[in-house]
Peer 1: 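Just dropping this structure here.
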Amino acid sequence: MLKVLRRGFYARRSALVAGELLGKIIVREFPGKKITARIVETEAYLGKNDPASHAAGKLTKRNSVMFGVPGHAYVYFCYGCHFMFNTVTEKKGKAGAVLIRAVESDGRVPRANGPGKLAKYLRIGRAFNEHDLASGKKLYIADDGYAPGKTGRSGRIGISGAREKLLRFFIKGSPHVSKYR
DNA sequence: TTACCGATCGCA
DNA sequence: GCGATCGGTAAA
């Protein structure tokens, strides 16, 4: 049973949403085809007071999505060749996002560990920036009632500042979780 | 308009 | 350990 996550799910604290996204399903619909992948690793990004966040400074064109409607996608192109897939959290007007770092697919697909590979695997590009994940179309996140096993948290990965904040969440024992740390 | 740099990955 | 590669942002 698949239930699309409603906007209310996203309109809460980033860290809380990040933790609860573990075990949820990302659904990517193509014409006549559908890919699903279970989320096994996330990271929360806040607004101010979080130097690692794009929304740490002032409101700009790029990060305005993070201040906008919760449940929208925030897709960022980085290092010239990688897209990263985030979901906007917190209420409208307050910045926040959750980066999906790794998913575990239905078994037979090669691992999609790491934000760049994940986006490539799901064919998520710039066009999905601001896509409404609560719409239940093309790209969305759903709950199938699965309860993840043990989860852990740690410092975030690949960033320069605020490493000490324990805002990375992952499912323990998943072979798809990033190997760092 | 230009210069710089980043929430990465793959290969040496 | 380092280069590839490109859009956003700030500075001029």
Side-chain angles (χ1 to χ4, degrees), chain A residues 9-10 12-24 26 28 35 37-90 94-105 109-131 133 139-141 151-171 174-181:
Chain A
F9 178 89
Y10 301 99
R12 298 176 297 161
R13 283 181 12 246
S14 299
L16 191 65
V17 176
E20 291 193 15
L21 275 176
L22 292 176
K24 296 293 186 289
I26 296 179
R28 175 75 171 93
I35 293 181
R38 193 176 304 281
I39 299 172
V40 295
E41 187 179 352
T42 62
E43 268 180 30
Y45 285 86
L46 315 178
K48 51 179 185 179
N49 298 332
D50 184 4
S53 168
H54 287 163
K58 23 178 196 183
L59 182 64
T60 63
K61 206 168 195 175
R62 173 176 58 163
N63 64 26
S64 63
V65 183
M66 288 180 71
F67 290 86
V69 184
H72 280 192
Y74 173 43
V75 179
Y76 176 60
F77 187 67
C78 183
Y79 293 104
C81 39
H82 298 290
F83 289 104
M84 292 182 250
F85 173 49
N86 305 251
T87 72
V88 176
T89 59
E90 307 280 1
K94 189 173 179 188
V98 174
L99 167 68
I100 311 299
R101 286 196 60 86
V103 297
E104 135 186 311
S105 41
V109 187
R111 40 190 178 169
N113 56 327
K117 287 155 98 178
L118 162 65
K120 188 181 175 190
Y121 169 58
L122 293 176
R123 308 287 154 76
I124 295 173
R126 251 191 354 275
F128 278 98
N129 197 30
E130 288 194 88
H131 177 76
L133 298 171
L139 175 65
Y140 52 92
I141 302 178
T151 60
R153 56 194 307 189
S154 74
R156 291 175 294 181
I157 293 172
I159 57 174
S160 41
R163 249 172 233 255
E164 72 288 353
K165 292 179 190 291
L166 298 180
L167 291 174
R168 168 174 172 253
F169 299 82
F170 55 93
I171 296 181
S174 170
H176 302 283
V177 171
S178 308
K179 299 290 187 287
Y180 310 85
R181 279 174 197 262

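Order of the sequence lines fixes the chain letters, A, B, ..., with proteins taken first and strands second; residue numbering starts at 1 for each chain. Predicted model, so just to flag it, every value in this text is computed and none were measured.
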Peer 1: Could you tell me whether the phosphate oxygens of B:dC9, OP1 or OP2, come under 4.0 Å of any side-chain nitrogen or oxygen in A:K120?
Peer 2: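 Answer is no, no contact under 4.0 Å.
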Peer 1: Which listed nucleotide (C:dC6, B:dA7, C:dT9) is nearest to the side chain of A:T60?
Peer 2: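 For A:T60, the side-chain atoms sit closest to C:dT9.
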Peer 1: Expressed as a whole number of angstroms, how long is the span from A:N86:CG to B:dG6:P?
Peer 2: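 Atom-to-atom, A:N86 to B:dG6, this comes out as 17 Å.
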Peer 1: Without decimals, in angstroms, what is the distance between A:R156 CZ and B:dT8 P?
Peer 2: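 It is 11 Å, rounded to the nearest whole Å.
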Peer 1: Whether A:R62 contacts C:dT9 is assessed here as follows: a side-chain N or O lying under 4.0 Å from the phosphate OP1 or OP2. Is that the case?
Peer 2: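 So the side-chain polar atoms of A:R62 do come within 4.0 Å of the phosphate oxygens OP1 or OP2 of C:dT9, strictly under.
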Peer 1: Could you walk me through whether A:R62 and A:Y76 pass the side chain to side chain donor-acceptor pair (under 3.5 Å) test, one step at a time?
Peer 2: CA-CA 8 Å; A:R62 173 176 58 163; A:Y76 176 60; 2.7 Å; yes
Peer 1: For a quick test of reading the model, state the closest non-hydrogen atom pair linking A:C78 to A:M84 and the distance between them.
Peer 2: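 Distance-wise, the nearest heavy atoms are CB-CE, 3.1 Å.
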Peer 1: Among A:Y121, A:F77, A:F128, exactly one meets ring pair (Phe, Tyr, Trp, His ring centres under 6.0 Å) together with A:F83. Which residue is that?
Peer 2: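 Exactly one pass, corresponding to A:F77.
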Peer 1: Looking for any heavy atom pair under 4.0 Å, which part of the strands does A:I159 touch: base, sugar-phosphate only, or nothing?
Peer 2: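 Sugar-phosphate, backbone atoms only, no base.
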Peer 1: With sugar-phosphate meaning primed atoms plus P, OP1 and OP2, does A:Y79 contact a base, only sugar-phosphate, or nothing at under 4.0 Å between heavy atoms?
Peer 2: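 Base: the residue A:Y79, judged by heavy atoms under 4.0 Å, touches a nucleobase.
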Peer 1: Would you call A:F85 and A:L99 a side-chain contact if the rule is heavy atoms closer than 4.5 Å?
Peer 2: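 No; the side chains remain at least 4.5 Å from each other.
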Peer 1: Distance check needed: C:dC6 C1' versus A:N129 CG, whole Å only.
Peer 2: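 Atom CG in A:N129 sits about 16 Å away from atom C1' in C:dC6.
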Peer 1: Between A:E90 and A:S14, is there a donor-acceptor pair closer than 3.5 Å when you use the side chain of the first and the backbone of the second?
Peer 2: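 Judged by distance alone, yes, a pair lies under 3.5 Å.
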Peer 1: Can you identify which nucleotide, out of B:dG6, C:dT9, B:dC9, has its nearest atom closest to the A:H82 side chain?
Peer 2: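 Selected nucleotide (nearest to the side chain): B:dC9.
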Peer 1: Relative to the 5' end of DNA chain C, which residue comes earlier, A:R126 or A:C81, by the nucleotide with the nearest heavy atom?
Peer 2: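 Between the two, 5'-proximity favours A:C81.
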Peer 1: What is the separation between atom CG on A:N63 and atom P on C:dG7, rounded to the nearest whole Å?
Peer 2: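 Rounded to whole Å, this separation is 18 Å.
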Peer 1: Determine whether a donor-acceptor pair (N or O, by modelled atom type, separation under 3.5 Å) exists between the side chain of A:R101 and the backbone of A:F169.
Peer 2: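 Side chain of A:R101 to backbone of A:F169, a donor-acceptor pair under 3.5 Å: no, none is there.
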Peer 1: If you compare every side-chain N and O of A:H54 against the phosphate oxygens of B:dA7 (OP1, OP2), does one of them come in below 4.0 Å?
Peer 2: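 Yes, A:H54 has a side-chain N/O under 4.0 Å of OP1/OP2 on B:dA7.
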Peer 1: Out of B:dG10, C:dT9, B:dT8, which nucleotide sits closest to the side chain of A:P115?
Peer 2: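 The closest nucleotide is B:dT8.
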Peer 1: Tell me the stems DNA chain B sits in, counting at least three consecutive Watson-Crick or G-U wobble pairs, each under 3.5 Å on both distances.
Peer 2: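 Output for stems: B:1-6 with C:6-11, B:8-11 with C:1-4.
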Peer 1: Check the distance between B:dT8's P and A:E41's CD and give it to me in whole angstrom.
Peer 2: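 Distance check: A:E41 CD to B:dT8 P gives 11 Å.
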Peer 1: I need the OH-C1' distance between A:Y76 and C:dC6, as an integer number of Å.
Peer 2: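 Value for this atom pair: 10 Å.
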Peer 1: Do A:L167 and A:E43 come within less than 4.5 Å of each other through their side chains, counting heavy atoms only?
Peer 2: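 With C-beta onward as the side chain, the pair stays apart.
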Peer 1: Report yes if some heavy atom in the side chain of A:D50 is under 4.5 Å from a heavy atom in the side chain of A:R156; otherwise report no.
Peer 2: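 Of all side-chain heavy-atom pairs linking A:R156 with A:D50, at least one is under 4.5 Å.
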Peer 1: According to the 5.5 Å centroid and 30° plane-angle thresholds, does A:F77 stack upon the nucleobase of C:dG7?
Peer 2: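 Stack criterion not met.
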Peer 1: Report the nucleotide, chosen from B:dG10, B:dT8, C:dT9, that has the shortest atom-to-atom distance to any side-chain atom of A:R101.
Peer 2: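 The answer is B:dT8.
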Peer 1: Name the nucleic acid region contacted by A:Y74, choosing base, sugar-phosphate or nothing; use a 4.0 angstrom heavy-atom cut-off, strictly under.
Peer 2: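 A:Y74: base contact, heavy atoms under 4.0 Å.
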Peer 1: From NZ of A:K61 over to P of C:dA10, roughly how many Å is that when rounded to an integer?
Peer 2: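 Going from NZ in A:K61 over to P in C:dA10 covers 13 Å.
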Peer 1: To the nearest Å, how far apart are A:I124 CD1 and B:dA7 C1'?
Peer 2: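 Going from CD1 in A:I124 over to C1' in B:dA7 covers 15 Å.
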